[in-house]
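In this chain, residues are counted from 1 in sequence order. What you see is a predicted model, and the numbers here were worked out from it, not measured in a lab.
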Amino acid sequence: MLFTTPGTHRENNVIFLFECIDTGTTNPAARSIPYPQEKRYRLDVPHPQLHHPNIMAAALCNHALVAGLAGSRSRPVQSRRSLKVSAAQNGEAQVWLPGVERPRHLEGKSAADGYPGNRGFDPLGLGRDEDRIKWLAEGEKTNGRWAMVAVVGILGQELLGVHPAWYLHGEKEYWLPINALTAIMFPIIAFFEITRLQGFAKTGKSGVVSKFPFDPLGLDSPTNAEKEIKNGRLAMVAFIGFAVQALVTRSAGPVEDLTSHLANPFGNNIITNIARLPETLAQRAS
């Protein structure tokens, strides 16, 4: 008959797992217990001693025994951070809202598979089409990149004192009429977009012309992809805020709006700005 009493001991960030095995059993197969996922150290003791209440306590408190078992076979305990990173890379990241169940069609899709930032948010069910979901993820990333560039440009031109405001640049006179500029820009942008689509269809990666992925600095990794999509989403939300501010306040830009709000929080906020919207638009029209 086989008796097993498990116990654990932690020493220098190494967990030792002990089992007391009845050495008096006549069945050799009963003493061979497979543990495919983790190594355990067995303490073989005679059958009568297994019933002693302090047998495991004595074994675990024996520092000399623990030191003898520590070696190359010992497996260090993973840190919480490494476990979180591993879970995120395996598509087991947290959902966008605690308590919300991840849609089945988004399970198992991680940054390593080309789905960075997968938090199970798909209220419209756009990701149910397996033939389109990766292209939709690519579209989100591309829009996030444009938004990051736009946010930096909007803040930069205001801080540098470039006039007029960012939302009025369409009224400026450039070196060519707007129709001529459109005629030049349209085929150039179309070329880059068509080649990007063709390259993505072949490689599943985003790139430029013949470089897929386009990664001159060697930064392409699942971890950086997660960071990029997070910053891209934040930039998209920020750009929507900038656009609403431009419509409501007609100021020089978001920096001026922030400064005026901090100077007078109760007089310059979203409620008062919306209340003054007819007056603001009338002044602009005049």
Side-chain angles (χ1 to χ4, degrees), residues 114-117 124 126-127 129 131-220 224-225 227-257 277-278 280-286:
Y115 303 97
L124 301 180
L126 300 177
D129 188 347
D131 295 331
R132 296 188 59 195
I133 183 172
K134 201 161 188 176
W135 176 247
L136 293 175
E138 173 69 15
E140 181 189 25
K141 182 170 61 177
T142 301
N143 281 279
R145 289 170 175 173
W146 279 113
M148 286 187 283
V149 173
V151 167
V152 172
I154 291 170
L155 294 175
Q157 68 92 31
E158 184 180 2
L159 293 173
L160 294 175
V162 178
H163 298 286
W166 68 271
Y167 53 87
L168 298 176
H169 277 272
E171 300 178 353
K172 288 184 62 176
E173 293 291 337
Y174 294 93
W175 61 283
L176 279 178
I178 187 65
N179 293 336
L181 285 175
T182 303
I184 295 174
M185 294 170 59
F186 185 83
I188 295 176
I189 295 177
F191 168 76
F192 283 104
E193 285 298 293
I194 291 174
T195 55
R196 183 173 71 89
L197 175 60
Q198 293 173 340
F200 181 83
K202 294 179 181 179
T203 65
K205 297 287 186 178
S206 179
V208 177
V209 188
S210 60
K211 301 293 184 180
F212 296 90
F214 181 72
D215 185 27
L217 300 180
L219 300 177
D220 185 27
N224 288 331
K227 295 178 181 179
E228 181 185 31
I229 198 64
K230 288 180 180 179
N231 284 281
R233 289 169 177 172
L234 180 61
M236 287 188 281
V237 173
F239 180 78
I240 293 175
F242 291 174
V244 173
Q245 283 181 328
L247 173 64
V248 174
T249 66
R250 313 303 289 180
S251 65
V255 177
E256 180 180 322
D257 289 331
L277 182 58
T280 302
L281 295 178
Q283 293 176 354
R284 174 61 184 168
S286 61

**Request:** To the nearest 0.5 Å, tell me how far E140 CD sits from M236 CE.
**Result:** 5.0 Å

**Prompt:** Looking only at heavy atoms, what is the nearest atom pair of D215 and D220, with distance?
**Reply:** OD2-N, 2.9 Å

**Item:** Distance in Å, L176 CG paired with T182 OG1, rounded so as to fall on 0.5 Å steps
**Value:** 10.5 Å

**Other residues, nucleotides, ligands: >12 heavy atoms within 6.0 Å of F186 CZ** = no

**Prompt:** Does atom NZ of K141 have more than 12 heavy-atom neighbours, drawn from other residues, nucleotides or ligands, at distances under 6.0 Å?
**Reply:** yes

**Asked** If you measure from CG on D257 to CZ on R250, what distance do you get to the nearest 0.5 Å?
**Response** 11.5 Å

**Asked** Sequence neighbours excluded, which residues qualify as ring pair (Phe, Tyr, Trp, His ring centres under 6.0 Å) partners of F200?
**Response** W135

**Asked** Taking it one step at a time, do R233 and K230 satisfy side-chain contact (heavy atoms from CB on, under 4.5 Å)?
**Response** CA-CA 5 Å; R233 289 169 177 172; K230 288 180 180 179; 5.6 Å; no

**Asked** Does the side chain of L155 reach to within under 4.5 Å of the side chain of V255, using non-hydrogen atoms?
**Response** yes

**Message:** Just to verify, what does Y115 make a ring pair (Phe, Tyr, Trp, His ring centres under 6.0 Å) with, not counting sequence neighbours?
**Reply:** none

**Fill in**
What one should report as the nearest heavy-atom pair of K172 and H163 is NZ-O, 4.2 Å

**Message:** Restricting to non-hydrogen atoms, name the atom on F212 and the atom on S206 that form the minimum distance, rounded to 0.1 Å.
**Reply:** CD2-C, 3.8 Å

**Request:** Starting at CD1 of I229, measure out to CZ of R145 and round the result to the nearest 0.5 Å.
**Result:** 8.5 Å

**Request:** Check whether any side-chain heavy atom of I154 lies under 4.5 Å from a side-chain heavy atom of Y167, and answer yes or no.
**Result:** no

**Prompt:** Under a 4.5 Å cut-off applied to non-hydrogen side-chain atoms, are E256 and T249 in contact?
**Reply:** no

**Prompt:** About how many Å separate CG of L247 and CG of L277, when rounded to the nearest 0.5 Å?
**Reply:** 6.0 Å

**Complete:** Residues A235 and G144: closest non-hydrogen pair is CB-O, 4.4 Å

**Fill in**
In terms of heavy-atom contacts, A165 and S251 come closest through CB-O, 3.9 Å

**Exercise: identify the closest heavy-atom pair between G127 and I133** = O-CD1, 3.5 Å

**Item:** Nearest-0.5 Å distance, CD of residue E138 to CZ of residue R132
**Value:** 14.0 Å

